[in-house]
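Scroll down for the structure; my scribbles are underneath it.
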Amino acid sequence: MERGISYQREGYLRENYKYFHLRDTEGQELDFHFHEFDKVVILLSGQVDYMVESSTYPLRPWDILLIKHHAIHKALIDRSAPYERVILYLDSQYLGRSVPEADLLTCFDQADQQGQYLLTPSQADQKTLSALFRAMEEALEDEQFGAQALRDTFLIQLLIHINRIAQRAGSFQRPETVYNPKIAQTLSYINEHLREPLTVDDLAGRVYLSRYHFMRLFKAQTGATVHSYVQQRRLLCAAQQIRRGVPVSKAAEDSGFTEYSTFYRDFRAAFGVSPKQLK
């Protein structure tokens, strides 16, 4: 682990987990993206709206955001205020091996099933989390015998506590703001018709907006261009099919890629490996 941040556009976590405690006025503002690992974001201070799939969450201090692998997301950061947060990157296979008697990623499954990704901890929970953050950060500086094992135990405690918060009735919160109905309709249409041509003109026409107004509204609502969003969705769809055993060429075709060379280039840029390596 290391203290610092390196968002990985290829979506792979090459360690068992990473813990970050960050405070800055810059943040990281990527286009919509997704990872092959699960991600926890806990806001400590700042003004941030987090977009996850088709929902937008204006975060408050101590809000916990659970982003399951493959969920498309983006942070919109107000740079006028310091942005402090704790972030966890988690490898599901490692956690399954480490604590086989307790599925520490159950909270992500709950969030995914409910389509709600935000937890609001109580004041008592906040004190517990704060103590665990301090313990983890002290352990990060520890180079004595058993230091890594000590860090592992603090990570497990953090995840156990987050799961307990998630299991309480009413802990998951609905987004306070959602997309414009026409943009929500567009996102649903895109997800259901990835194999078909998806042009700006066609999508704008389906919701009875001019091309210019549609593009401006889509960008303002999602933080991404239409092309970028469609491309991310197609890559995600192809990756899911490949992992299920679908031949690479068929997965590319079913996801809307008409040229294999384009698919290969974009896939490798997004995931850091070739489609065959992922398979």
Please tell me whether [X] and [Y] have a donor and an acceptor in their side chains that are separated by less than 3.5 angstrom.
| X | Y | result |
| --- | --- | --- |
| Gln167 | Asn163 | no |
| Gln231 | Arg234 | no |
| Arg134 | Ser130 | yes |

Taking the side chain as every heavy atom from C-beta outward, state whether [X] and [Y] have any atom pair closer than 4.5 Å.
| X | Y | result |
| --- | --- | --- |
| Tyr57 | Asp63 | no |
| Leu129 | Ile64 | yes |
| Asp254 | Gln241 | yes |
| Tyr83 | Arg23 | no |
| Tyr50 | Ile67 | yes |
| Tyr19 | Glu137 | yes |
| His70 | Gln240 | yes |
| Tyr260 | Val248 | yes |

- request: Hey, can you tell me if His35 and Phe37 have their rings parallel, tilted or perpendicular (30° and 60° cut-offs)?
  value: parallel

Pairs under 3.5 angstrom only: tabulate donor-acceptor contacts from the side chains of residues 199-212 to other protein residues two or more places apart or in another chain.
from: Thr199; atom 1: OG1; to: Asp202; atom 2: N; distance (Å): 3.1
from: Asp201; atom 1: OD1; to: Arg211; atom 2: NH1; distance (Å): 3.0
from: Asp202; atom 1: OD2; to: Arg206; atom 2: NE; distance (Å): 3.3
from: Arg206; atom 1: NE; to: Tyr189; atom 2: OH; distance (Å): 3.1
from: Arg206; atom 1: NH2; to: Tyr189; atom 2: OH; distance (Å): 2.9
from: Ser210; atom 1: OG; to: His213; atom 2: N; distance (Å): 3.1

To the nearest 0.5 Å, how far apart are [atom1] in [X] and [atom2] in [Y]?
| X | Y | atom1 | atom2 | answer |
| --- | --- | --- | --- | --- |
| Thr120 | Arg60 | OG1 | CZ | 9.0 Å |
| Asn16 | Leu90 | CG | CG | 10.5 Å |
| Ile87 | Ile42 | CD1 | CD1 | 10.0 Å |
| Lys182 | Leu187 | NZ | CG | 14.5 Å |
| Leu104 | Ser98 | CG | OG | 8.5 Å |
| Phe172 | Gln114 | CZ | CD | 5.5 Å |

[X]: salt bridge (Lys or Arg N to Asp or Glu O under 4.0 Å) partners, not counting sequence neighbours:
| X | answer |
| --- | --- |
| Arg233 | Glu53 |
| Asp125 | Arg168 |
| Glu253 | Arg195 |

- request: For Tyr264, enumerate each residue passing the ring-ring contact (aromatic ring centres under 6.0 Å, His included) test, keeping only those at least two apart in sequence or located in another chain.
  value: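 With sequence neighbours excluded, Tyr264 shows a ring-ring contact (aromatic ring centres under 6.0 Å, His included) to no residue whatsoever.
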
Results of ring-ring contact (aromatic ring centres under 6.0 Å, His included) for Phe108 - residues two or more places apart only: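 Counting only residues at least two positions away or on another chain, Phe108 forms no ring-ring contact (aromatic ring centres under 6.0 Å, His included).
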
Quick one: does [X]'s side chain have a donor or acceptor within less than 3.5 Å of a partner on [Y]'s backbone?
| X | Y | answer |
| --- | --- | --- |
| Gln277 | Ser274 | yes |
| Thr128 | Ala124 | yes |
| Asn191 | Ser188 | no |
| Ser228 | Thr225 | no |
| His161 | Leu159 | no |
| Gln221 | Asn180 | yes |
| Ser255 | Ala251 | yes |

task: State plainly whether the residues Asp24 and Arg85 are in salt-bridge range, i.e. N to O under 4.0 Å.
output: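 The answer is yes: the pair qualifies as a salt bridge.
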
Glu138/Arg151 salt bridge by N-O under 4.0 Å criterion: no

Please find the pair of heavy atoms, one from [X] and one from [Y], that lie closest to each other, and give the distance.
| X | Y | result |
| --- | --- | --- |
| Asp142 | Gln144 | OD1-N, 2.7 Å |
| Pro58 | Asp49 | CA-OD1, 3.3 Å |
| Leu194 | Cys237 | CD1-CB, 3.8 Å |

message: Please check if the number of heavy atoms outside Gln47 that lie under 6.0 Å from its CD is greater than 12.
response: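 Not buried by this count: 12 neighbours or fewer within 6.0 Å.
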
- prompt: More than 12 heavy atoms of other residues, nucleotides or ligands under 6.0 Å from NE2 of His227: is that the case?
  reply: no

task: Output, in order, the C-alpha distance, side-chain angles, deciding distance and verdict of side-chain contact (heavy atoms from CB on, under 4.5 Å) for Leu22 and Val86.
output: CA-CA 6 Å; Leu22 308 166; Val86 167; over 6 Å; no

- prompt: Is the Lys NZ or Arg CZ of Arg216 less than 6.0 Å from the centre of Phe214's six-membered ring, within 45° of the axis?
  reply: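 The answer is no, since Arg216 fails at least one limit relative to Phe214.
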
message: Is the distance from the ring center of Tyr17 to that of Tyr94 below 6.0 Å?
response: yes

message: Determine whether Val99 and Leu95 satisfy the following criterion, side-chain contact (heavy atoms from CB on, under 4.5 Å), listing intermediate values before the conclusion.
response: CA-CA 6 Å; Val99 193; Leu95 291 171; 5.8 Å; no

- request: Give the intermediate values and the outcome of side-chain contact (heavy atoms from CB on, under 4.5 Å) for residues Gln157 and Met136.
  value: CA-CA 10 Å; Gln157 290 181 61; Met136 173 65 90; over 6 Å; no

query: Of the options Asp112, Asp38, Asp109, which is the one that meets Lys68 in a salt bridge (charged side-chain N to carboxylate O under 4.0 Å, His left out)?
result: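 Exactly one option meets the salt bridge (charged side-chain N to carboxylate O under 4.0 Å, His left out) with Lys68, and it is Asp109.
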
- request: With side-chain contact (heavy atoms from CB on, under 4.5 Å) as the test, would you mind laying out the steps for Thr258 and Phe263 before giving the verdict?
  value: CA-CA 8 Å; Thr258 56; Phe263 164 70; over 6 Å; no

message: For a salt bridge (Lys or Arg N to Asp or Glu O under 4.0 Å) check, start with the C-alpha distance between Glu36 and Arg243, then their side-chain angles and the critical distance, and finish with the verdict.
response: CA-CA 12 Å; Glu36 289 294 315; Arg243 279 192 297 271; 3.1 Å; yes

